[in-house]
J.: 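Take this structure, written in structure tokens, and hold onto it; I'll ask about it next.
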Amino acid sequence: QVQLVESGGGLVQAGGSLRLSCEASGSIFSANGMGWYRQAPGKQRELVAFITSGGNTNYADSVKDRFSISRDNAKNTVYLQMNNLKPEDTAVYFCSADIVLTGHTETRYYWGQGTQVTVSS
């Protein structure tokens with residue numbers, strides 16, 4: 001019913017930049033909180049950045065001052081601008097969103113399939 005599709009991942013050299021996008025589609029009335037998580041091989045999934053419907057943001061310490069999250073509420077889309085990428089940023093990046101379905105009042109979290117980001121040294 002609801003799909004989140006990420007794009008923008010790829011291979012980049014250390015110090016480079018990538019911009020990830022995630023669009024939520026389906027029977028969506030509104031998207032509340034939206035965020036980005038990542039999971040590296042052998043590690044647990046961790047929060048990278050989060051943004052509320054009001055535009056308040058939160059970042060993991062490891063990416064603070066390098067990454068920037070933003071959103072377009074009209075498009076139900078969230079972005080992650082990643083600058084000065086480091087090899088330790090290599091991971092699968094997942095989009096998440098707290099969605100209110102059309103005709104409903106409760107929220108439910110949805111996840112994208114993930115997009116690979118690889119940073120070479």
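Every heavy atom of this structure was used, including side-chain atoms; hydrogens, water molecules and symmetry mates were not.
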J.: Nearest 0.5 angstrom please: N76 CG to S25 OG, how far?
T.: 9.0 Å
J.: For the pair V12 and T118, evaluate side-chain contact (heavy atoms from CB on, under 4.5 Å) and give the outcome as yes or no after the intermediate values.
T.: CA-CA 6 Å; V12 65; T118 302; over 6 Å; no
J.: State, to 0.1 Å, how close V48 and Y37 come at their nearest heavy-atom pair, and which atoms those are.
T.: CG2-C, 3.9 Å
J.: Determine whether Y59 and Y93 fall in the same hydrophobic cluster, where Ile, Leu, Val, Met, Phe, Trp and Tyr are linked whenever their side-chain heavy atoms lie under 4.5 Å apart.
T.: yes
J.: Surrounding CD of Q1 (heavy atoms of other residues, nucleotides or ligands, distance under 6.0 Å), is the total greater than 12?
T.: no
J.: Quiz question: by atom type and distance under 3.5 Å, do the side chains of S21 and E23 form a donor-acceptor pair?
T.: no
J.: Ignoring hydrogens and angles, tell me if any N or O in the side chain of T77 forms a donor-acceptor pair with the backbone of K75 under 3.5 Å.
T.: yes
J.: When you measure from the centre of the six-membered ring of F94, is the NZ or CZ of R38 closer than 6.0 Å and no more than 45° off the axis?
T.: no
J.: Could you check whether any side-chain N or O of Q44 sits under 3.5 Å from a backbone N or O of Q39, counting only pairs where one atom can act as donor and the other as acceptor?
T.: no
J.: To the nearest 0.5 Å, how far apart are CG in N73 and OG in S30?
T.: 9.0 Å
J.: Return the minimal non-hydrogen interatomic distance between C95 and V78, and the atom names on each side.
T.: SG-CG1, 3.7 Å
J.: Does CD belonging to Q3 count more than 12 external heavy atoms closer than 6.0 Å?
T.: no
J.: Compare every heavy atom of L4 with every heavy atom of A24, then report the nearest pair and how far apart it is.
T.: CB-CD1, 3.9 Å
J.: Tell me whether the NZ or CZ atom of R19 lies within the 45° cone about the ring axis of Y79 and under 6.0 Å from its centre.
T.: yes
J.: Give the minimum heavy-atom separation between S62 and R66, together with the two atoms involved.
T.: O-NH2, 2.9 Å
J.: Identify the two heavy atoms, one from G9 and one from V117, that lie closest to each other, and give their separation to 0.1 Å.
T.: CA-CG2, 4.2 Å
J.: Do you know the tightest heavy-atom contact between L20 and G8?
T.: CD2-C, 3.5 Å
J.: Within a reach of under 6.0 Å around OH of Y109, are more than 12 heavy atoms found that belong to other residues, nucleotides or ligands?
T.: yes
J.: Count I, L, V, M, F, W, Y as connected when their side-chain heavy atoms are under 4.5 Å apart, and connections chain through other members. Are V63 and F50 then in the same cluster?
T.: no
J.: If we ignore angles and hydrogens, is there a donor and acceptor under 3.5 Å between the side chains of T107 and D98?
T.: yes
J.: Are any of the side-chain heavy atoms of Q81 and S70 separated by less than 4.5 Å?
T.: no
J.: Assigning hydrophobic clusters by single linkage (Ile, Leu, Val, Met, Phe, Trp, Tyr; side-chain heavy-atom cutoff under 4.5 Å), is M82 placed with L11?
T.: no
J.: Quick one: are L85 and L18 in side-chain contact, heavy atoms under 4.5 Å?
T.: yes
J.: How many angstroms lie between CD1 in I69 and CZ in R71, if you round to the nearest 0.5 Å?
T.: 8.5 Å
J.: Could you tell me whether the side chain of N83 reaches within less than 4.5 Å of the side chain of F67, counting heavy atoms only?
T.: no
J.: Donor-acceptor pair, distance only, cut-off 3.5 Å: does the side chain of T90 make one with the backbone of V119?
T.: yes
J.: Any carboxylate oxygen within less than 4.0 angstrom of a Lys/Arg side-chain nitrogen, looking at D61 and K64?
T.: yes
J.: Between V92 and Q116, is the side-chain contact (heavy atoms from CB on, under 4.5 Å) condition met? List the steps.
T.: CA-CA 4 Å; V92 177; Q116 177 70 46; 3.3 Å; yes
J.: Any side-chain heavy atom of V2 within less than 4.5 Å of one from I28?
T.: yes
J.: Around atom CD of Q113, are there more than 12 heavy atoms of other residues, nucleotides or ligands at under 6.0 Å?
T.: no
J.: Are T52 and N32 close enough that some pair of their side-chain heavy atoms sits under 4.5 Å apart?
T.: no
